[in-house]
Amino acid sequence: MTWSKTKQKIIEPAFSNNEGAEGKRILCYDEAIREALQLALSRDKRVFVMGQGVDDPDGMFGATRNLHLEFGPERVFDTPLAEGAMMGVAIGAALAGMRPVYFHNRPDFLLLAMDQLVNHAAKWSYMFGGAAFVPLVVWACIGRGWGSAAQHSQALQGLFMHIPGLKLVMPGTCHDAKGLMLAAIADQNPVLILDHRFNFNYKGMVPPEAYTVPIGKGVIRRKGRDVTIVAVSHLVIDACHAAQEAAAYGVEAEVIDPRTLRPLDEEIILNSVAKTGRLIIADCGWKTGGITAEIGAMVAEKGFTYLKAPIKRIACPDLPTPAACNLDEACSIGRDNIKKALLELTR
Amino acid sequence: MTWSKTKQKIIEPAFSNNEGAEGKRILCYDEAIREALQLALSRDKRVFVMGQGVDDPDGMFGATRNLHLEFGPERVFDTPLAEGAMMGVAIGAALAGMRPVYFHNRPDFLLLAMDQLVNHAAKWSYMFGGAAFVPLVVWACIGRGWGSAAQHSQALQGLFMHIPGLKLVMPGTCHDAKGLMLAAIADQNPVLILDHRFNFNYKGMVPPEAYTVPIGKGVIRRKGRDVTIVAVSHLVIDACHAAQEAAAYGVEAEVIDPRTLRPLDEEIILNSVAKTGRLIIADCGWKTGGITAEIGAMVAEKGFTYLKAPIKRIACPDLPTPAACNLDEACSIGRDNIKKALLELTR
Amino acid sequence: MKLPEKTLRQLLFEMMRIRQIQLAIESRYLENEMKTPVHLCIGQEAVAVGVCANLKKYDYINSTHRGHGHYLAKGGDLRALIAELYGREAGCSKGRGGSMHLADTTIGHYGSSSIVGGGIPIGTGMGLAIKMQKKNKVSVIFFGDGAADEGVLYESINFAVLKKLPVIFILENNQYSVCSKVSARQAGDNIFHAMPAGLLMTKKVNGNNVLDVYNASLKAVARARTGHGPSFIECLTYRIRGHAGCEVQDVPGYRPVGEIERWKTLCPIAAFRKKLLTNKMITLNEIKKMEKKIDKQIEDAFAFARTAPPPKPETLPLYLFRE
Amino acid sequence: MKLPEKTLRQLLFEMMRIRQIQLAIESRYLENEMKTPVHLCIGQEAVAVGVCANLKKYDYINSTHRGHGHYLAKGGDLRALIAELYGREAGCSKGRGGSMHLADTTIGHYGSSSIVGGGIPIGTGMGLAIKMQKKNKVSVIFFGDGAADEGVLYESINFAVLKKLPVIFILENNQYSVCSKVSARQAGDNIFHAMPAGLLMTKKVNGNNVLDVYNASLKAVARARTGHGPSFIECLTYRIRGHAGCEVQDVPGYRPVGEIERWKTLCPIAAFRKKLLTNKMITLNEIKKMEKKIDKQIEDAFAFARTAPPPKPETLPLYLFRE
Ligand SMILES: Cc1ncc(C[n+]2csc(CCOP(=O)(O)OP(=O)(O)O)c2C)c(N)n1
Ligand SMILES: Cc1ncc(C[n+]2csc(CCOP(=O)(O)OP(=O)(O)O)c2C)c(N)n1
Ligand SMILES: [Mg+2]
Ligand SMILES: [Mg+2]
């Protein structure tokens with residue numbers, strides 16, 4: 001596959017209501033990712049997919065279903081439970097000319113691979129003055145619910161956003177899930193994709209051909225003049241709904257989906273705040289030192305003069321996730337939290 | 001040792017010039033830590049010290065020197081290079097009633113133990129509704145220089161600040177190094193202490209008795225009305241010097257040493273910004289998603305109305321550390337960066 | 001070694017109890033009231049029971065995501081277990097842990113991890129504490145064949161042997177990690193069986209034979225208590241149900257045809273029951289009585305759990321730190 | 001096996017070259033111009049040389065913080081090495097890596113990690129790539145006894161055996177990790193020697209005898225090239241200098257009296273030199289010539305490195321990402 005020739009789609013179709021979707025092909029989120037993998041595997045023999053359970057009968061969240069049958073067990077394979085070494089194996093394979101896609105069904109397990117991911121993958125190109133490089137895609141699913149509790153519910157984007165040398169991608173639509181996966185595989189560098197489990201409920205327009213969505217470019221999902229909401233992953237759709245509801249009160253929110261957290265499209269955020277003067281950041285990770293911290297501080301540093309009001313940070317409470325569903329729900333954030341913040345900020 | 005009876009010293013002696021130090025005892029930074037360990041080991045037989053090289057002839061940075069001779073190899077011992085398991089071993093010992101102090105000579109190596117530290121130590125008390133708890137001190141030395149390069153120069157406080165359930169301590173003086181170590185050992189929870197290598201050049205007044213410095217309380221190191229500087233670890237002294245120099249230009253900076261990053265003493269920062277209206281945050285870790293992000297966003301959220309100017313974030317460039325000393329130095333931050341920011345902000 | 005009849009009957013009772021409790025959970029799981037990912041140990045009861053029968057209340061155990069059996073065999077409170085599955089404040093982890101995070105410190109169970117292999121070094125550290133405190137306890141670590149893929153096992157065994165810790169590593173080899181067979185993940189026979197006996201006592205036993213498990217762990221416990229260091233026991237067994245939750249939730253297609261059926265015929269409880277009956281150490285009637293007794297306990301526990309209150313929302317931030 | 005004289009002389013030459021280069025670094029290190037933590041391999045030359053003599057240019061090696069010998073034995077450029085130590089743009093890692101992070105992709109050296117054990121899975125992954133690409137290469141991984149404490153070794157060997165990868169694990173056992181003796185960290189003999197030969201070829205050799213190392217790795221390479229999977233070779237050797245840097249920087253007190261002196265008498269170069277001289281395969285004069293030749297190379301490299309420019313400050317952000 002000649003990645004450089006892959007068409008780049010910058011314009012994202014309207015997605016929350018699938019406006020203009022008539023006659024377009026609609027796929028589920030897992031199908032969109034699977035199609036990206038399928039295309040990459042067919043077009044580029046350097047690409048392979050590894051990870052615990054990728055060859056399970058159901059595939060990983062459906063996204064890898066039967067790929068091992070189509071491409072053989074050499075190119076789509078299960079791994080031992082050895083997250084530390086397997087991350088190193090993926091790095092080594094990338095160094096030696098392959099394009100591994102390494103799936104993890106929880107980011108919690110990435111903590112076993114932090115040394116390889118942070119000390120090795122993220123630093124390799126720099127450390128050797130560009131002599132070698134690591135075209136590696138690491139994919140993990142975040143999300144909570146059903147009492148999964150403290151070790152199976154983390155949304156660790158706040159950790160990974162701190163690491164120079166690692167690109168961090170969090171798609172919010174089916175279209176982007178496919179296009180960002182292909183962009184990540186085409187990238188010459190380590191890219192971490194975090195997909196929220198809730199996203200797997202989405203359907204959306206997904207063009208059948210191979211296309212990439214650029215890493216590092218955000219998109220405005222809804223235009224508005226009063227408040228800017230930067231929302232991450234599944235919260236993009238929540239933010240759009242909240243904005244819709246707030247519109248009834250005369251508040252017009254602009255919703256930005258950054259799509260990539262690192263590199264972050266600071267410009268799109270600053271331009272929006274320049275217009276609205278108000279900023280809400282919504283993230284499903286922990287608050288302290290997380291995504292909302294970086295984006296908030298960035299605006300307080302570079303867009304201070306635009307700000308007419310304090311920034312608002314909506315994020316999960318700084319707690320391990322409790323199992324009991326009433327407590328778990330009390331920790332979750334979504335449309336209502338965003339709406340509340342919107343109305344408070346414009347009151 | 002009955003920790004609850006240990007005297008708490010909240011007032012920190014003037015330290016940068018050792019004003020009022022006549023007749024007081026002066027110790028080096030390593031001696032201060034060693035004294036804390038020595039006191040803890042003598043008073044509480046649950047306390048033990050483990051870590052690679054703690055029984056080396058020189059001890060770890062001098063801070064563990066000969067403790068194994070005084071307390072025996074059962075209580076002060078070297079470990080295999082197995083950071084993942086050894087962190088778990090320390091946790092298990094803590095659960096079963098011991099008080100381990102686990103030394104690491106670089107935080108880079110903590111990345112091998114992230115699973116145990118983040119998924120286990122930090123979550124254990126919450127996960128079992130308080131049934132069990134982990135009184136564990138993890139100590140690591142940050143710092144750069146002499147071409148130590150990408151894997152031996154990281155200052156990873158930005159990562160650890162994101163973790164609920166982990167206390168994060170970064171002393172800036174000899175006095176605090178001792179008092180915070182004792183407070184950490186007395187604490188019922190996992191505490192991570194990060195000491196900067198530069199601190200080991202410090203001398204300062206250190207009372208001989210056992211005392212603790214409260215975890216979660218910052219201190220004003222210099223009073224001023226124009227700008228608030230929150231500076232971490234060795235940058236506290238740099239900030240004081242920068243403030244001194246800026247005073248010649250009529251700028252009076254207030255320097256805050258938070259001492260603990262998690263829990264953060266938000267009040268002391270907000271009160272200061274309420275007075276000065278200007279904020280500089282100086283940290284020796286990476287900028288994006290690090291300490292300066294959280295403190296900046298916190299003020300933009302809770303102290304927005306006090307702010308008269310954009311916040312300034314002084315931190316290391318978002319790069320792995322290069323070996324070549326001229327590049328390494330270009331990455332380091334210190335007095336001059338702070339002074340420059342001070343003058344820019346008040347111009 | 002001949003065991004007293006009382007012990008044998010107790011072993012049977014404990015296995016039956018764990019089985020019946022698991023079945024009760026399974027049958028009620030689809031009501032969607034236990035909102036927690038359960039991992040049943042149906043078919044593996046002999047391991048937990050055979051090991052724990054050798055332990056004192058004060059000994060430590062460390063368990064996994066598949067931990068109901070270990071918790072119960074060690075003497076954990078049944079009501080508190082079921083309440084935990086229902087996410088209640090009265091749960092053994094106050095509803096904060098769920099099925100994968102059980103604890104009962106009064107019986108030496110300080111909590112289990114759902115990170116595969118996560119408990120192994122922790123149990124090793126508890127062994128270190130025992131040695132430093134000069135106590136006469138042992139620390140038993142249960143883990144699966146999946147955990148044996150993880151390097152932390154190697155590191156932990158090395159440390160336990162190095163320091164001669166009173167730690168017993170129980171590899172519960174049910175041959176699968178989720179849908180992944182052990183042969184797809186491990187290169188050969190477990191390398192630890194090749195450790196010199198003087199350093200590490202190693203044994204491989206039929207994990208579906210409670211007496212084999214009992215006898216092997218009896219030796220390991222004796223060794224540990226007398227300061228002779230750690231042991232490693234591999235128990236070959238089989239998970240009859242799906243990885244997570246109950247039979248109907250199992251994905252089809254990853255196990256060879258007939259495998260489950262064959263292992264059902266190797267049921268550790270049926271075999272042992274038959275043996276005791278044949279040897280006239282128990283009567284059918286007595287077994288019936290046991291079943292009834294257990295059913296009553298189960299009814300009681302579910303009734304308790306169902307009506308117990310969930311945690312109060314305002315308690316959400318509690319327990320992050322110990323004061 | 002009888003080796004051609006040329007090969008034998010080459011082995012001697014390579015070892016001498018590495019030694020003289022290390023000594024030159026040591027003697028100039030205290031000038032404080034090489035601002036990078038060096039780890040000399042004086043005394044361990046036979047390992048790097050004995051192994052690499054069996055490798056082709058396109059084969060991969062993966063090394064450690066103590067990597068000068070591996071880099072040189074594999075054919076890495078000397079000027080680029082010394083320039084790297086001086087932090088120059090002309091260094092093999094453009095001055096970004098320093099002594100612990102050497103790379104030369106033209107000779108299959110894709111960079112080494114200073115995280116102990118960090119390179120082990122990476123080299124294993126390079127073996128995986130070789131297999132997937134159906135190339136006739138091998139991937140050699142050098143690591144120390146300290147790295148053998150780390151679980152990642154266990155995980156990596158398991159994976160290499162499972163997938164029959166063309167990987168050769170070279171454990172360079174110099175008996176210390178910094179000041180910590182191997183017996184203070186490892187419970188017994190290395191467990192991998194107990195792996196069945198069919199799965200993993202294992203050997204223990206005198207790492208100070210270059211021919212022993214050569215012969216063992218010759219077999220391992222043949223095995224790997226013919227698709228028979230991985231090997232594990234433990235080479236017993238000794239680090240004559242301090243852990244980091246030179247003799248004068250070594251902390252006294254952690255090695256038994258006389259140990260260093262004894263190992264100095266077991267010098268791999270002196271022994272091999274004597275052997276060749278005795279067998280009349282080389283003359284003293286020829287050795288002198290070799291020394292001179294090497295000295296000239298060294299002079300040239302240092303002269304080059306000293307005068308080479310450091311990286312330009314404005315290049316600081318380069319290379320974080322590959323475009
Ligand atoms: C470190 C880690 N990797 C992956 C998982 C996902 N996971 C949960 S249970 C499980 C199976 C573990 O198999 P095994 O240890 O044999 O235990 P069993 O389920 O068979 O009892 C896996 C892979 C996890 N929880 N932790
Ligand atoms: C994971 C990790 N832990 C600790 C260190 C600190 N350290 C650097 S070199 C070294 C010694 C390693 O010993 P060994 O692997 O035997 O190599 P040698 O120095 O003897 O060549 C140690 C402990 C490190 N770099 N990485
Ligand atoms: Mg299993
Ligand atoms: Mg060594």
Residue pair [X] / [Y]: nearest heavy atoms and the distance that separates them:
X	Y	value
B:A330	D:L316	CB-CD2, 4.2 Å
D:R185	B:L81	CD-CD1, 4.0 Å
B:D56	D:C179	OD1-CB, 3.2 Å
B:W146	D:P37	O-CD, 3.1 Å
B:A82	D:E150	CA-OE1, 3.7 Å

(request) Could you list which of residues 80-93 of chain D have a heavy atom closer than 4.5 Å to any heavy atom of chain B, in residue-number order? (result)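 D:G87 fall under the 4.5 Å cut-off.
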(message) With a strict 4.5 Å heavy-atom criterion, list every residue of residues 232-243 of chain D that contacts chain B, or say none.
(response)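 Interface residues of residues 232-243 of chain D: none, nothing closer than 4.5 Å to chain B.
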Let me know if [X] has heavy atoms under 4.5 Å from chain B in its side chain, its backbone, both or neither.
X	value
D:L320	side chain
D:S177	side chain
D:S99	neither
D:K94	neither

Counting heavy-atom pairs under 4.5 Å with chain B, which one of [options] comes out on top?
options	result
D:K312, D:M34, D:Q186, D:H101	D:H101
D:P252, D:S114, D:G117, D:G253	D:S114
D:G98, D:P313, D:G97	D:G97

With a 4.5 angstrom heavy-atom cut-off, could you sort out which part of [X] is near chain D: side chain, backbone, both or neither?
X	value
B:F109	side chain
B:Q52	neither
B:D328	neither

(message) Within this structure, what is the OG1-NE2 distance for the pair D:T36 and B:H152, rounded to the nearest 0.5 Å?
(response)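 So the gap between those two atoms works out to 10.5 Å.
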(message) Distance check, rounded to the nearest 0.5 Å: D:R96 atom CZ versus B:T321 atom OG1?
(response)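 Nearest 0.5 Å value for the CZ-OG1 distance: 13.0 Å.
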(request) For each of B:G53, B:C325, B:G147, B:A323, tally heavy-atom pairs with chain D at distances under 4.5 Å, and name the one with the top tally. (result)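 Of B:G53, B:C325, B:G147, B:A323, B:A323 has the most heavy-atom pairs under 4.5 Å with chain D.
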(request) Give a yes or no on whether B:E74 atom CD has more than 12 heavy-atom contacts from other residues, nucleotides or ligands under 6.0 Å away. (result)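 No, not enclosed.
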(message) Taking atom CD as the centre, does D:E31 end up with more than 12 heavy-atom neighbours from other residues, nucleotides or ligands that are less than 6.0 angstrom away?
(response)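 More than 12 within 6.0 Å, yes.
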(message) side chain to side chain contact (heavy atoms under 4.5 Å, CB included), that's the test. Do D:I115 and B:L112 meet it? Break it down for me.
(response) CA-CA 10 Å; D:I115 298 295; B:L112 284 113; 4.0 Å; yes
(message) Can a donor-acceptor pair be found, under 3.5 Å and without considering hydrogens, that links the side chain of D:D149 to the backbone of B:P80?
(response)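 Not a single qualifying donor-acceptor pair exists.
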(message) Would the distance check show the side chain of B:N326 and the main-chain N or O of D:P311 forming a donor-acceptor pair, the cut-off being under 3.5 Å?
(response)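 Judged by distance alone, yes, a pair lies under 3.5 Å.
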